[in-house]
There are 2 protein chains.
Amino acid sequence: MLKKQLIMEKALELFSEQGFEATSVQQITERCGISKGAFYLSFKTKDELIISMVEHYLQQFIADVDQVVRSSLSKDIILVEFYKSIFQAFKNNAASARVFFNEKVLLSKKELFQKIMAYDADMSKSIIYMLEQLYQDELHETKYDVMYCIKGFMKSYSELFIFSDIPLDLDQLAKSLAEKTEIIARHTTIPFITEELVQLTPEPYNEKVSQESLLELIEQYLNGLEESIERESLELLKFQVENPTYSKPILKGLIENIRLQPDYRWVAYVIAKYFNI
Amino acid sequence: MLKKQLIMEKALELFSEQGFEATSVQQITERCGISKGAFYLSFKTKDELIISMVEHYLQQFIADVDQVVRSSLSKDIILVEFYKSIFQAFKNNAASARVFFNEKVLLSKKELFQKIMAYDADMSKSIIYMLEQLYQDELHETKYDVMYCIKGFMKSYSELFIFSDIPLDLDQLAKSLAEKTEIIARHTTIPFITEELVQLTPEPYNEKVSQESLLELIEQYLNGLEESIERESLELLKFQVENPTYSKPILKGLIENIRLQPDYRWVAYVIAKYFNI
DNA sequence: TTGACAAATGACCGATTAGTCATTAGTATA
DNA sequence: TATACTAATGACTAATCGGTCATTTGTCAA
């Protein structure tokens with residue numbers, strides 16, 4: 001487990017410097033100070049490595065954003081907090097962002113392409129959820145356009161984090177983009193992304209979380225967790241997946257316990273989705 | 001010259017299908033129906049090929065956009081025409097866009113990275129020029145933010161062309177984005193990209209066009225041009241570069257002649273820049 | 001100290017790559 | 001036809017790649 005993390009860290013550095021295809025397994029193992037054989041004890045192939053890395057990064061990102069979106073923050077600050085969490089993530093993981101948001105070589109690997117599209121759809125859903133909470137019926141036809149604009153702001157402004165090292169005022173940035181979003185939401189009258197258009201775009205194949213696969217996921221995360229409140233919470237939740245008896249508030253509380261552990265936000269996100277919380 | 005074009009075309013197909021690194025020179029030559037040796041008569045290395053392709057594509061794109069921006073279209077339609085030209089380019093070159101706007105492997109090649117940044121800066125300048133024409137002093141501090149938003153819209157909405165084949169109404173799209181741009185420009189009050197921030201970002205090394213290099217470029221384009229009004233115009237302009245005597249309107253007229261030939265928009269753009277037109 | 005097992009090694013393999021160059025094919029001139 | 005020149009070929013090389021596996025090293029309990 002630790003070896004896997006080491007490899008992923010060092011590989012990220014190298015991919016960020018040279019790109020995925022241009023980095024050899026040899027180079028990765030050299031930087032890790034391990035042998036080539038040891039690499040293949042952790043990952044079956046080089047592709048499995050990059051897939052794991054992409055999943056890890058995107059899962060964190062999506063779970064982070066979703067947490068803000070589903071939080072009970074008041075309407076007037078939720079947009080600001082939304083942007084803050086996004087760019088905080090960019091700042092903290094500039095190297096990852098460089099590799100995964102840009103290196104679309106990844107897209108030529110069909111398995112990854114599917115997954116990335118699915119994660120992107122998750123992100124879209126979170127944004128739409130936020131917009132619906134914020135504006136309810138005020139946005140008639142322009143909901144999806146506002147969502148596209150938000151994603152455009154993210155893409156455009158994230159370059160500041162990816163291509164330069166200038167220290168940036170995240171609060172100011174978040175405020176500025178929140179205002180822009182607000183303005184677009186309030187004033188747009190000509191929609192382009194209509195409901196029909198959304199229907200036309202092929203729904204990315206989003207593995208619906210089965211009870212089985214969720215139990216497997218939880219088991220996997222339990223392995224990395226020593227005796228603690230978080231572990232107990234996760235164990236309780238595992239039983240609940242098999243045999244639900246607790247009320248929603250209790251479930252939500254248990255999930256929040258898990259979310260406190262940064263590396264466990266993804267499993268919290270998936271469980272919350274499973275219980276529709 | 002023709003061989004080069006053939007190679008670039010077929011290579012684009014393959015890169016679009018498999019990515020750059022995953023495509024071998026062998027595959028390219030096979031699809032072209034030529035030998036491996038013949039490839040190396042046209043390009044010194046595989047890298048030189050991808051660099052040429054990126055340059056060709058970006059040059060077309062930038063020259064197209066700049067033409068609209070510098071045109072004498074009335075203020076109320078220029079934004080719409082601007083977006084129309086951009087997405088027309090995306091539509092016509094979806095394959096190129098797929099490869100060059102996304103495959104940022106390219107960025108790991110430092111020479112290309114520099115060039116792409118320089119082209120991006122050209123694009124930014126065109127957009128800023130347009131905004132200054134449109135809003136003059138009405139935009140105080142938010143000029144650069146509006147520019148970032150425009151680039152964000154481009155990035156976000158271009159996905160529709162890159163990841164799906166749904167037929168899209170370009171007019172509607174252009175109108176919708178023009179409205180959004182207008183709204184942002186009129187209402188934004190909280191800037192983030194300040195003049196100082198722009199000063200801080202390292203000016204991309206933009207080869208200033210020397211007389212020599214311009215003459216070389218013109219010569220290169222003259223080779224591909226048979227006897228015609230366009231050729232005569234370009235020849236006249238060549239003499240003007242060496243020894244300027246004509247007035248601006250005449251120069252502008254000659255440049256417009258060149259621009260009529262689609263493949264020659266780039267040289268027209270560079271000459272116009274040289275003469276400050 | 002021994003023996004049993006797991007963890008880790010790195011030499012090795014077949015496949016593939018970018019790039020070269022001696023050779024040939026094609027064409028224009030005399 | 002003979003000569004001279006360029007355009008084009010593809011077998012070849014040296015290097016590198018992802019991945020394997022017989023072997024060694026390290027770590028336990030007995």
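In what follows, chains carry the letters A, B, and so on, assigned in the order in which the sequence lines appear, proteins first and then strands, with residues in each chain numbered from 1.
For the pair B:E48 CD and C:dA18 C1', the computed distance is 14 Å after rounding to whole Å. Between A:I34 atom CD1 and D:dT25 atom P the separation is 19 Å, expressed in whole Å. Per the geometry, CG belonging to A:L6 stands 15 Å off C1' belonging to C:dA7, to the nearest Å. Rounded to whole Å, the distance from CD1 on A:I7 to P on C:dA7 is 14 Å. Between the P atom of D:dA7 and the NZ atom of B:K4 lies a distance of 14 Å, rounded to the nearest Å. In this entry the distance linking NZ of B:K3 with C1' of D:dA7 reads 8 Å, nearest Å.
No donor-acceptor distance shorter than 3.5 angstrom exists from the side chain of B:Y119 to the backbone of B:Q59, with no hydrogens or angles considered.
Remark: B:K36 fails to qualify as a cation-pi partner of B:F39 under the 6.0 Å distance and 45° angle criteria applied to the six-membered ring.
The two residues A:K155 and B:S156 come nearest to each other via the heavy atoms NZ-CA, 4.2 Å.
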Might you work through the side chain to side chain contact (heavy atoms under 4.5 Å, CB included) test for B:M117 and B:Q114, ending with a clear yes or no?
-> CA-CA 5 Å; B:M117 294 300 261; B:Q114 298 261 9; 5.9 Å; no
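For B:F61 and B:F90, the ring centers sit closer than 6.0 Å to each other.
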Below 3.5 Å is the cut-off: list the nitrogen or oxygen pairs between protein and nucleotides 16-18 of chain D, distance only.
| unit_1 | atom_1 | unit_2 | atom_2 | d |
| --- | --- | --- | --- | --- |
| D:dG18 | OP1 | A:K46 | NZ | 2.8 |
| D:dG18 | OP2 | A:V25 | N | 3.0 |
| D:dG18 | N7 | A:K36 | NZ | 2.9 |

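Contact annotation for B:L41: base contact, defined as any heavy-atom pair under 4.0 Å involving a base atom.
The side chain to side chain contact (heavy atoms under 4.5 Å, CB included) search around A:S35 returns A:A38, not counting sequence neighbours.
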